[in-house]
Amino acid sequence: MIPVAWYLILSGILFAIGLTGVLVRRNVLVIFMCVELMMNAVNISLVAFGRSFVGLRFAGDAFFIFVVTVAAAEAAVGLAIIVSISRSDNTIDADQIDLLKE
Amino acid sequence: MILEQIIFIILSVLAIGSAIAMIMMKDPVHSALLLVFTFFNIAATYILLAAEFIAVIQVLVYAGAIVVLFLFVMMLLQVRPGPSLNPLRFFQSRLGPFLAIGFLVEVLLVVFASGYTLNGGKITDATNTQAQQMAASIKYVAETMIPLQDANGNTVGGATGNNHPIGIPDTVKTDASGKVIERTGVTGGHTALLGKELYSTYLYPFEIASLILLVAAIGAIVIARRSLDFDRDEEGKLVGAHGISLASAVRGSSQDIEARKLARRTEAQERKLTIKKE
């Protein structure tokens, strides 16, 4: 049997990697990928906790489904925004996109 | 160290390594492919958690749909490989990893402080008494929805041995010839039980999730729609708008009036812009 703490450590490391990517990278597409990675890290801990606490039954698994739904919706809308911005500004660099700043 | 733990460590190392490689890559396409590899490894860890349906969803939705969407957008935008880490911005490139490591240390502290009190630090298993209690509570689900045998007496709907950690062991009664006459226990497996749970306990969240997908689909179409462009011939004369040819619209129809209205408005805007530039 694998201790549940191992899953939590894996989840934490993957989340930290995704956070690093979001903070460091400038390409909007890569930032979005890192957000997906962070959601996956959270999903691992959700399913592991769902298996760990008996009273939860399928709560972790059900939450996984909902997180996947939100991730898919977010990816669709986010990528549409990226396509729209790159059409008007001709860039996908996060530092160049400062429409609201002006 | 048992085999299961060794497999978990191999999968974790591969997932973490490819995730690190993903954020280091210059080319976003390489990042996307490494992200697929990470997702596959995470899917394999879900199988270790006895969540087969979750693993399938992970591969289908994340590796299949979402990353392909990313790749399509890259194809449309023709992104050029840029600098992976920006050396010019000190706070962005230096402080980011430090913040992330600080976060990781916090998480690890919490895990090590509480991890071994969570159910003895173990994932529940079939020999665990808690698992037995849980299985008793979900027994009605499986027994009412899964047919145990087909007409010929063959068992259907899942593994017969039932090593599933959240199921209960089968008790099989056989007659003298060895034919199964009665079977109790969870034969549905993870997928059937999760489906039942989603459509009963989590029915309203499930419906709301479908609504979110609908709104997101409409929103994505509206946002990504091509901005108002007017098609002109070589002399700059207006021949169409909105991807609709003016010639094709029936004269006087609502479509025709709308297109002409838009054309007038845009021409006025363009005139204003050229005056401003001059």
Side-chain angles (χ1 to χ4, degrees), chain A residues 1-10 12-21 23-27 29-30 32-34 36-37 40 43-44 47-48 51-54 57-58 61-62 64-66 68-77 79-84 86-88 92-93 95, chain B residues 4-5 8 12 16 19-20 23 28 31-32 35 42 45-46 48-49 51 54 57 61 66 69-70 73-74 76-77 79 82 85-86 92-93 96-97 99-100 103-104 107-108 111 115-116 118-119 121-125 130 133-134 193-194 197-198 202 205 209 212-213 216-217 219-220 223-224:
Chain A
M1 280 292 125
I2 302 165
V4 71
W6 291 21
Y7 287 102
L8 300 183
I9 291 167
L10 172 66
I13 292 172
L14 285 178
F15 193 93
I17 293 169
L19 185 62
T20 313
L23 291 174
V24 165
R25 291 302 301 262
R26 299 167 72 204
N27 189 321
L29 283 168
V30 181
F32 257 93
M33 282 186 229
C34 291
E36 299 293 334
L37 184 67
N40 265 275
N43 283 340
I44 293 173
V47 178
R51 289 285 174 285
S52 175
F53 291 106
V54 171
R57 294 176 56 174
F58 282 96
D61 304 43
F64 174 90
I65 305 284
F66 300 134
V68 168
T69 312
V70 172
E74 174 248 322
V77 175
L79 290 173
I81 292 172
I82 291 173
V83 169
S84 175
S86 75
R87 268 209 206 109
S88 63
I92 51 166
D93 189 328
D95 290 348
Chain B
E4 208 176 9
Q5 295 178 334
F8 177 84
S12 304
I16 292 167
I20 291 172
I23 63 169
S31 288
L35 189 65
I42 293 172
T45 58
Y46 285 137
L48 286 181
L49 273 169
I54 300 288
I57 290 291
V61 175
I66 292 182
L69 195 63
F70 276 108
V73 169
M74 282 173 211
L76 287 174
L77 300 183
V79 288
L85 308 172
N86 186 1
Q92 197 179 7
S93 60
L99 279 173
F103 170 81
L104 179 61
V107 169
L108 292 184
V111 169
Y116 296 100
L118 300 174
N119 195 24
K122 300 271 192 263
I123 298 291
T124 50
D125 57 332
Q130 282 184 317
Q133 285 168 8
M134 178 194 182
L193 295 175
L194 177 60
E197 191 77 5
L198 271 180
Y202 300 102
I212 287 173
L213 281 179
I223 293 168

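Residue numbers begin at 1 in each chain, while the letters A, B, ... track the order of the sequences. Note that the structure is a prediction, hence the values are computed from the model and not measured.
Options Asn40(A), Leu14(A), Thr69(A) differ in how many heavy-atom pairs under 4.5 Å they form with chain B, and the most are formed by Asn40(A). Among Ile212(B), Ile20(B), Leu76(B), the residue making the largest number of heavy-atom pairs under 4.5 Å with chain A is Ile20(B). Residue with the most contacts toward chain B among Gly18(A), Ala75(A), Ala16(A): Ala16(A) (heavy-atom pairs, distance under 4.5 Å). Of the listed residues (Ala80(A), Ser86(A), Ala76(A), Ala73(A)), the greatest number of heavy-atom pairs within a distance under 4.5 Å of chain B belongs to Ala80(A). Residue with the most contacts toward chain A among Gly219(B), Ala209(B), Ala217(B): Ala209(B) (heavy-atom pairs, distance under 4.5 Å).
For Phe64(A) against Ile57(B), the heavy-atom pair with the smallest separation is CE2-CG2, 3.6 Å. A pairwise comparison of heavy atoms in Leu8(A) and Val111(B) identifies CB-CG2, 3.6 Å as the closest pair. Between Thr20(A) and Ala100(B), the closest heavy-atom pair is OG1-CB, 3.0 Å. Closest approach of Leu213(B) and Ala72(A) over heavy atoms only: CD2-CB, 4.4 Å. The nearest pair of heavy atoms linking Ala51(B) to Val47(A) is CB-CG1, 4.2 Å. Of all the heavy atoms in Leu194(B) and Ala62(A), the pair that sits closest is CD1-N, 4.0 Å.
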- Item | Worked check of side-chain contact (heavy atoms from CB on, under 4.5 Å) between Val83(A) and Val73(B) | CA-CA 7 Å; Val83(A) 169; Val73(B) 169; 4.0 Å; yes
- Query: How far apart are the C-alpha atoms of Leu99(B) and Leu19(A), what are their side-chain angles, what is the distance that settles it, and do they pass the side-chain contact (heavy atoms from CB on, under 4.5 Å) test?
  - Reply: CA-CA 8 Å; Leu99(B) 279 173; Leu19(A) 185 62; 5.5 Å; no
- Task: Starting from the C-alpha separation in whole Å, work towards a yes-or-no answer on side-chain contact (heavy atoms from CB on, under 4.5 Å) for Ile23(B) and Val24(A).
- Result: CA-CA 9 Å; Ile23(B) 63 169; Val24(A) 165; over 6 Å; no
- What's the verdict on side-chain contact (heavy atoms from CB on, under 4.5 Å) for Val107(B) and Phe15(A), showing C-alpha distance, side-chain angles and the deciding distance? CA-CA 10 Å; Val107(B) 169; Phe15(A) 193 93; over 6 Å; no
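One distance of note links CD1 of Ile66(B) with CD of Glu36(A); it measures 4.5 Å at 0.5 Å rounding. To the nearest 0.5 Å, atom CZ of residue Phe70(B) and atom CD1 of residue Ile82(A) are 7.0 Å apart. Residue Ser31(B) holds its OG atom at 8.0 Å from CG of Asn27(A), rounded to the nearest 0.5 Å. Note that CD1 of Ile42(B) is 7.0 Å distant from CG of Leu10(A), once rounded to the nearest 0.5 Å.
Of the atoms belonging to Ala32(B), heavy atoms from both backbone and side chain fall under 4.5 Å from chain A. For Leu69(B), the parts sitting under 4.5 Å from any heavy atom of chain A are the backbone and the side chain alike. Contact annotation for Ile13(A): both backbone and side-chain heavy atoms come within less than 4.5 Å of a heavy atom of chain B. Residue contact with chain A, scored on non-hydrogen atoms closer than 4.5 Å, involves the side chain of Phe103(B) exclusively. Only the side chain of Leu198(B) comes within less than 4.5 Å of a heavy atom of chain A; its backbone N, CA, C and O stay farther away. Residue contact with chain A, scored on non-hydrogen atoms closer than 4.5 Å, involves the backbone and the side chain of Ile54(B) alike. With a 4.5 angstrom heavy-atom cutoff, Leu108(B) touches chain A only via side-chain atoms.
The aromatic rings of Phe8(B) and Tyr7(A) lie perpendicular to each other, with more than 60° between the two planes, well past the 30° mark.
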